[in-house]
Amino acid sequence: MTSRPRPVGIDLGTTNSAIAWVGRDGRTAMVPNSDGEILTPSVVCFQDAEVVVGKEARKATAVEPQRVAQWVKRDMGAPVYTRPIQGEYLPPEVIQACILRKLKADLAASLGDDCRVVITVPAYFDEPRRKATADAGEMAGIDVLDIVNEPTAAALAFGESIGYLAPGGAVRDELTVLIYDLGGGTFDVTLLRMAPGDIQALATDGDVRLGGHDWDMRLVDHVARAFRREHGLDPRDDPASMSRLMDSAVDAKHALSARSRTTLRVDHAGKSLDLPVTRAQFDEMTADLLERTIHTTRQVLSDIGMEWRHVDRLLLVGGSTRMPRVVERLRELSGLEPERSVNPDEAVARGAALFAQYLLTRGSTTPVDDTEAPTGFTVTNVTAHSLGVEGIDQATLRRTNVKLIRRNAPLPAKHTEKFVTKAENQRSIAIQILQGENAAPEECTPIGRTSIDNLPAGLPKGWPVEVTFEYEANGRLKVEAVVPGTHRAVTLELERSVGLSDDGLGQWKEIVASGAGFDAFEAMIAEALEEKIEPLPQSEIAAAPTKTESIASSPAAPIRSAPTPFRSAPTPLGASANLAAAIEEPSVPSEPEPARPVAKLDEPVENWMMPAEAPPASEKASTRRRSPRWIVGLVVYVTSGLAGAGLAYLLLSRLRPEQFPMPW
Ligand code: AMP
């Protein structure tokens with residue numbers, strides 16, 4: 001009998017994290033932490049000599065809030081965690097790595113070291129956030145098999161509970177399942193089709209900054225206002241009072257899930273207040289938050305032309321779906337009874353473990369040992385964001401995001417779009433790759449760029465350019481651009497390669513793995529500063545590749561440069577040398593196939609493309625708008641200089657006509 005690594009799933013939640021594994025009988029089981037509990041609070045407290053994760057770290061928020069990091073998942077993909085820890089800004093993935101390190105230790109205590117892990121992320125996470133999550137796993141020394149979408153994982157757990165995972169399982173019908181996942185910090189909604197042995201995502205959408213935490217904050221604000229009215233002081237002004245207030249708000253919210261009224265107590269500056277709150281009041285003060293999730297849910301259905309009557313099951317995932325109003329509203333809206341067969345706290349971790357099992361056994365025709373239950377299912381995901389190219393709309397001559405792979409396309413996906421050159425004798429073509437739904441390129445995330453240079457002279461205007469996107473299930477995007485008849489082509493592979501550099505990752509990994517305390521983290525930051533990793537101006541932090549980030553809350557002095565979205569490695573077709581050198585000299589262009597022009601890729605690279613040191617996406621448009629003003633400024637400057645000199649000469653010629661004669 002061969003021994004195999006154990007398939008493990010980790011639900012790295014905003015508020016709590018959980019671990020599950022698949023036993024030899026093919027069933028999932030939760031792995032308890034060192035306190036014997038299933039949920040580990042995703043909270044880290046940086047003591048000088050050690051890092052504490054979980055329940056104890058959460059307790060420290062009340063006494064040493066400046067040492068504590070929580071809700072870090074919301075900042076994934078950004079350069080640094082929003083709040084300083086002891087005055088220092090840390091990359092969010094480094095903090096997540098501390099949580100994962102603790103989970104890894106709990107895992108080893110229960111199951112040993114030979115574990116292969118799938119970590120979950122919200123379906124709506126974009127590539128920079130997924131990459132940051134994978135990096136956190138690597139820094140924690142975890143053997144990460146893959147990153148999987150939370151709703152897919154939840155569907156797998158649901159599939160397990162109703163016998164849908166094995167082909168020929170107990171239930172035979174095809175089901176359309178809507179997964180509504182409201183956690184502590186993020187919201188996701190996904191529509192899937194499940195048949196025995198087959199799970200296929202149909203559509204997904206979500207909000208990476210909406211979750212139970214926002215419900216907590218409504219209670220905090222409500223009570224803080226009452227306290228101010230009573231005592232003229234605001235408990236939110238003091239970090240320790242605020243932290244205690246947050247804890248009472250969470251407790252009150254949980255109590256209101258079970259009872260129709262509760263009392264919140266606030267202590268601040270030697271004064272206190274007991275404020276009764278009813279469930280009806282709480283529902284009213286948070287109604288708009290709930291409606292945001294409903295709007296997104298409706299949107300997901302309408303995106304693919306479906307209605308509630310097409311949905312067979314409604315699955316609730318995430319701790320915040322315990323709020324009675326959420327259940328009630330969804331019941332009203334859908335006419336369905338929300339599914340409760342899987343525990344909302346455990347579904348994602350269990351499903352991730354099943355996915356790990358699937359990845360470990362995929363391709364093996366027979367189970368590796370005969371006591372092991374076979375896993376027989378397929379999983380198809382969809383793209384959460386559209387991918388496109390910046391072009392020019394021929395009708396309006398405006399720059400536009402031409403989508404090649406639309407949101408919700410099943411993966412893998414491939415599409416070719418035809419473009420044309422705009423100018424006569426155009427010598428280069430810039431290809432800017434965008435992620436996002438908006439038609440305006442500046443509203444999308446630039447994720448890579450390439451160019452085709454040295455086009456042969458004399459190409460007529462309207463010459464075709466074909467751009468192909470190939471998006472694989474593992475998140476890798478291959479872009480190929482061909483100029484027919486010119487032997488000019490370029491390919492570009494975009495991988496999850498944003499975030500920390502390999503060197504940075506290695507250094508942080510050493511620190512995280514050593515179990516050292518904040519002193520070591522601080523030393524690493526100091527070292528990074530000594531190496532002159534320049535702090536960035538505020539504007540560049542805002543260019544972190546996620547436009548949904550709260551820019552206002554970004555810190556002013558990060559400790560390292562903001563990540564460039566996707567490190568791209570241009571590879572010319574059939575060659576491995578650098579791009580410009582490898583492109584062949586043109587032969588006389590032959591007549592190309594007729595192309596239906598959609599948009600134009602036209603300007604010379606230096607105009608079309610961002611310069612090598614690209615300005616942030618949000619500044620691109622304004623940079624472009626500024627350049628004509630800059631030229632006008634120069635002309636005004638030179639003209640006024642000349643006029644000034646002329647006036648001075650005129651004055652001197654009046655005073656000393658013999659020395660400064662007038663030309664007439
Ligand atoms: P998750 O990210 O799925 O672990 O969900 C955590 C969120 O669920 C937090 O905001 C919790 O406050 C919330 N939550 C957990 N239990 C309850 C409950 N009984 N009532 C309301 N919210 C809850």
Dump the intermediate steps for side chain to side chain contact (heavy atoms under 4.5 Å, CB included) on Glu138 and Lys509, then the final yes or no.
CA-CA 7 Å; Glu138 152 122 41; Lys509 186 176 174 176; 3.6 Å; yes
Start with the C-alpha distance between Val118 and Ile147, add both sets of side-chain angles, then the distance that settles side chain to side chain contact (heavy atoms under 4.5 Å, CB included), and finish with yes or no.
CA-CA 6 Å; Val118 164; Ile147 301 292; over 6 Å; no
Evaluate the criterion side chain to side chain contact (heavy atoms under 4.5 Å, CB included) for residue pair Phe469 and Val389; output intermediate values, then yes/no.
CA-CA 10 Å; Phe469 275 17; Val389 159; 3.5 Å; yes
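- Looking at heavy atoms from C-beta onward, Asp303 lies in side-chain contact with Arg407 at the 4.5 angstrom threshold.
- Taking CD1 of Ile392 as the reference point, atom OG1 of Thr400 lies at 10.0 Å (rounded to 0.5 Å).
- The side chain to side chain contact (heavy atoms under 4.5 Å, CB included) check on Thr383 picks up Ile405, Ala409, Leu411, Tyr471, with sequence neighbours excluded.
- Using a 4.5 Å heavy-atom threshold, the side chains of Val467 and Val479 count as touching.
- In this structure, Thr133 and Glu93 have side chains that are not in contact, with every pair of non-hydrogen atoms separated by 4.5 Å or more.
- In this structure, Glu466 and Pro484 have side chains that are in contact, with non-hydrogen atoms separated by less than 4.5 Å.
- In this structure, the separation between CG on Leu301 and CG on Leu178 is 5.5 Å, given to the nearest 0.5 Å.
- For the atom pair OG (Ser451) and CD1 (Ile429), the distance works out to 9.5 Å, reported to the nearest 0.5 Å.
- With a 4.5 Å cut-off on side-chain heavy atoms, Leu434 and Gln432 count as touching.
- Note on Glu150 versus Lys73: salt bridge recorded, some NZ/NE/NH1/NH2 to OD/OE distance being below 4.0 Å.
- Side-chain contact check for Leu191 versus Val177: every heavy-atom pair is 4.5 Å or farther apart.
- In this structure Phe355 satisfies the ring pair (Phe, Tyr, Trp, His ring centres under 6.0 Å) test together with Tyr358, sequence neighbours excluded.
- Side-chain contact check for Thr190 and Asn149: no donor-acceptor pair (N or O, by modelled atom type) lies under 3.5 Å.
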Could you walk me through whether Leu12 and Leu100 pass side chain to side chain contact (heavy atoms under 4.5 Å, CB included), step by step?
CA-CA 8 Å; Leu12 185 59; Leu100 286 169; 4.0 Å; yes
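- Between Thr120 atom OG1 and Asp146 atom CG the span is 11.5 Å, to the nearest 0.5 Å.
- Residues Thr293 and Tyr180 bring a donor and an acceptor atom of their side chains to less than 3.5 Å of each other.
- Between atom CG of residue Asp135 and atom CZ of residue Arg130 there is a gap of 14.0 Å, rounded to the nearest 0.5 Å.
- Using modelled atom types and a 3.5 Å distance limit, the side chains of Ser386 and Glu437 yield a donor-acceptor pair.
- Side-chain contact, Thr296 with Asp205: no donor N or O sits under 3.5 Å from an acceptor N or O.
- At a threshold of 4.5 Å between non-hydrogen side-chain atoms, the residues Leu192 and Ile179 count as touching.
- Between Arg399 and Glu390, at least one side-chain nitrogen of the basic residue sits less than 4.0 Å from a carboxylate oxygen of the acidic one, meeting the salt-bridge criterion.
- How far CG of Leu90 is from CD of Gln96: 12.0 Å, rounded to the nearest 0.5 Å.
- In this structure, the side chain of Glu443 does not engage the main chain of Ala439 through any donor-acceptor pair within 3.5 Å.
- Enclosure of atom NE2 in His310 by more than 12 non-hydrogen atoms of other residues, nucleotides or ligands within 6.0 angstrom is indicated.
- A salt bridge does not link Asp453 to Arg427: none of the charged nitrogens lies less than 4.0 Å from a carboxylate oxygen.
- Residue pairs meeting the ring pair (Phe, Tyr, Trp, His ring centres under 6.0 Å) criterion with at least one member in residues 379-417, sequence neighbours excluded: Tyr124-His385.
- Salt bridge status for Arg116 with Asp143: present, with a side-chain N to carboxylate O gap under 4.0 Å.
- You'll find the side chain of Val420 stays beyond 4.5 Å of the side chain of Lys461, heavy atoms only.
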Give the intermediate values and the outcome of side chain to side chain donor-acceptor pair (under 3.5 Å) for residues Asn381 and Thr152.
CA-CA 8 Å; Asn381 275 316; Thr152 306; 2.9 Å; yes
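- Around atom CD of Glu510, no more than 12 heavy atoms belonging to other residues, nucleotides or ligands sit under 6.0 Å away.
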